[in-house]
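Chain letters run A, B, ... following the sequence lines, proteins first and then strands; every chain starts at 1.
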Amino acid sequence: MGLQLYNSLTRRQEEFEPLEEGRVGMYVCGPTVYGHAHLGHAKSYVSFDILVRYLRYLGYNVTYVQNITDVGHLTDDADEGEDKIAKEARKEKKHPMAVAEYYTRSYFEDMDMLNCVRPDISPRASGHITEQIELVKTLLEKGYAYEVNGSVYFDVLKFKDYGKLSGRNIDEMIAGTRVEVSPEKKNPVDFAIWKKAEPNHIMQWPSPWGMGYPGWHLECSVMSMKYLGMTIDIHGGGMENKFPHHECEIAQSEAANDAPFVKYWVHNNMVTVDGQKMGKSLNNFITLKQAFSGSHERLTRQYDPLAIRQLVLNSHYRSPLDFSDAALYAAQSGFDKITSAVIEVRKKIKSAPDGEVDKEAAKMLDVLKEKFEKAMNDDLNTSVALAVMFEFVRDTQKLLEDSKTTKQTLEAVDGLFSLLGGDVLGIVKDEYEQTGSVDNELMDKLVRILIEQRNEARKQKDYKRADEIRKKIDEAGVVLEDKPDGTSWRTK
RNA sequence: GGCGGCGUAGCCAAGUGGCUAAGGCGACGGUUUGCAAAACCGUUAUUCCCCGGUUCGAAUCCGGGCGCCGCCUCCA
């Protein structure tokens, strides 16, 4: 049994079968770059990162496209609001493209910290204006759109499948309309695909309908089509975007192409902070940079970016995740537990005796791998996959305690940690400071001098002095651990 | 008001018809230690929000209630 994925379109878990054998085209709605990335982004993009990593683990050749929205995303009512980036630019007194560039870099920095693999293609909406204009033209030609006073709207009533993703009914939506409706629209549910720009609007481009800018939903249709084709395997995004964003994408794309837009829709759930929706007004809005540094009043300490990643993996991507200091703390402890086991294995490889890979250990690794894959195949059940990792850690500790464990066995253990914990889950690193990078040799030498002094004191039963040395080293951020085979150290 | 999701131990969280209800954190007890730390072992839900029903059997299915959350308007 291969990977089973929950498809929001069919509301069922389905066997994943790509359109073309061995190849997967995946598009994920990227950020609108008008502010620093926050905990919500972490959950979303770590979740899709896991999907990409696991598909690659299974041997698929994945093309991962994630856009950067740098124009067209309006601040409020579907079509009357201001462009988010333009608004931020005015506030910061910068050019909108400077704002977009700044936060794009910030976004990539944060995602790198979370160990998310970079998308293969990160297209910018503003770099695809011509393609967007072409799509608007096509929709006008095919009668799915109409122009009014320099703006172009999609005529929702013409697209009979509208509502199939979000389970909405057009008539009910029209009846339930409560926001002020633009008088330009034929119908309240119609949405803008091209907006006329006022003369003072900085972000605007010439089009057959005059100066203007694209509607938000358009970019994803255009860029996914351009880089992945008319029909793609997977489209990912946050649940809150099912409607209207993804519904509109489907309408535009399928109306223009007469082909299905997406085979599998994958939606991840939302984040709350201390049980409440995260919002700037609630004082619980935490950016990733704040979480990494611990500089937020809701946080008692700083957290390792990978501990945040681990917290995301601790629950299912389709379940809501509540970030709290307690939850982060627990994730950090669990992350440390896995990390230190991996470090111990890598350290011990250097001194372990040569020999064959132990048969029982090899079998244990096979069983763990099988359990892990079974969990991941079940709609990416990372919670269970993590439980397998903890089982793996426990088994590993037993091997570490046994002095007969061979170098080759430990290498096999390390190999599986790197594969499952590293390649797939992204919580095990390739390198750790403690395992002997060049920079660290000096540090190691210095700490060893202190350890010698302390052990000298211990030998003479001068425990007061020994504890004093240990305390001072601890204050400097280094923890000493006395073990049967000597004293080792690690950074806090 | 409409649509959707959720309610499992002190906390986080799997499990969705049947062996002893995963795992993590925390707490407590033990082994180890000069003391610690780390590691290991053990304990920590007779019960899955409540009330009914279906069934030989339900945390899991159905009905009702209560509570929380999301979307419906920008959001990952």
*Side-chain N,O (A:Lys398) to OP1/OP2 (B:rC41) below 4.0 Å*: yes
*asked:* Within the supplied structure, the quantity of interest is the number of heavy atoms (other residues, nucleotides, ligands) at a distance under 6.0 Å from A:Lys289 NZ; does it exceed 12?
replied: yes
_Please classify the nucleic acid contact of A:Val271 as base, sugar-phosphate, or nothing, using heavy-atom distances under 4.0 Å._
base
*Pick base, sugar-phosphate or nothing for A:Leu39, based on heavy-atom distances below 4.0 Å to the nucleic acid.*
nothing
*Which part of the nucleic acid does A:His38 contact within heavy-atom distance under 4.0 Å: base, sugar-phosphate only, or nothing?*
base
*Pairing nucleotide - B:rA27, Watson-Crick or G-U, each distance under 3.5 Å*: B:rU43
*Whole-angstrom distance between B:rG64 and B:rG4, as gauged at atom P*: 14 Å
*Checking all strands, does A:Gly238 fall into the base, sugar-phosphate, or nothing category for heavy-atom contacts under 4.0 angstrom?*
sugar-phosphate
*asked:* Please determine whether a side-chain nitrogen or oxygen atom of A:Ser333 lies at a distance below 4.0 Å from atom OP1 or OP2 of B:rC12.
replied: no
*Pick base, sugar-phosphate or nothing for A:Gln332, based on heavy-atom distances below 4.0 Å to the nucleic acid.*
nothing
*Hey, are A:Lys348 and A:Asp414 close enough for a salt bridge, meaning a charged N less than 4.0 Å from a carboxylate O?*
no
*Any idea which of B:rC35, B:rA76, B:rA14 is nearest the A:Ser383 side chain?*
B:rA14
*asked:* Nearest to the side chain of A:Asp467, heavy atoms from C-beta on, is which of B:rG34, B:rA37, B:rC40?
replied: B:rG34
_Is there a side-chain contact between A:Arg394 and the phosphate of B:rG24, meaning an N or O under 4.0 Å from OP1 or OP2?_
yes
*asked:* Between B:rG29 and B:rA21, how many Å separate the two P atoms, rounded to a whole number?
replied: 27 Å
*Side-chain N or O of A:Ser324 less than 4.0 angstrom from OP1 or OP2 on B:rC11?*
no
_Sugar-phosphate only, base, or nothing, as touched by A:Asn241 at under 4.0 Å among non-hydrogen atoms_ = sugar-phosphate
*Salt bridge A:Arg448-A:Glu452, side-chain N to carboxylate O under 4.0 Å*: no
*For nucleotides B:rU47 and B:rA22, find the distance between their P atoms and express it as a whole number of Å.*
15 Å
*With heavy atoms under 4.0 Å as the rule, sort A:Glu481 into base, sugar-phosphate or nothing.*
base
_It should be established whether A:Ser47 places a side-chain nitrogen or oxygen under 4.0 Å from OP1 or OP2 of nucleotide B:rA76._
no
*So, A:Arg309 and A:Asp304, do they make that salt bridge, N to O below 4.0 Å?*
no
_Under-3.5 Å donor-acceptor pair between A:Asp322 side chain and B:rC68 base_ = no
*The side chain of A:Asn268 lies closest to which of these nucleotides: B:rC72, B:rA36, B:rA76?*
B:rA76
*Between B:rC68 and B:rC49, how far is it from one C1' atom to the other, in whole Å?*
11 Å
*How far, in whole Å, is B:rG17 from B:rU33 if one measures between their P atoms?*
50 Å
*Which is true for A:Phe390 with a 4.0 Å heavy-atom rule: it touches a base, it touches only sugar-phosphate, or it touches nothing?*
sugar-phosphate
*What interatomic distance, in whole Å, is found between C1' of B:rA45 and the corresponding atom of B:rG10?*
12 Å
*asked:* In whole Å, measure the gap between the P atoms of B:rA59 and B:rG2 for me.
replied: 32 Å
*Would you mind telling me which of B:rG34, B:rA36, B:rA14 lies closest to the side-chain atoms of A:Asp482?*
B:rA36
_With a 4.0 Å limit, can you tell me whether A:Lys337 has a side-chain N or O closer than that to the phosphate oxygens OP1/OP2 of B:rC25?_
yes
*How far does OH of A:Tyr45 sit from CG of A:Asp110, to the nearest 0.5 angstrom?*
12.5 Å
*Please determine if A:Asp467 and A:Lys471 form a salt bridge, counting it only when a charged side-chain N lies under 4.0 Å from a carboxylate O.*
no
_Between A:Asn381 and B:rA13, is there a contact of a side-chain N or O with OP1 or OP2 at under 4.0 Å?_
no
*Mind checking A:Arg454 for me? I need base, sugar-phosphate or nothing, with any heavy atom below 4.0 Å counting as a touch.*
base
*Does a salt bridge link A:Lys483 with A:Glu344, judged by any charged N lying under 4.0 Å from a carboxylate O?*
yes
*asked:* For the P atoms, the ones on B:rG63 and on B:rC6, what distance do you get once it is rounded to whole angstrom?
replied: 14 Å
_Of the listed nucleotides B:rA38, B:rA14, B:rG34, the one nearest the side chain of A:Arg490_ = B:rA38
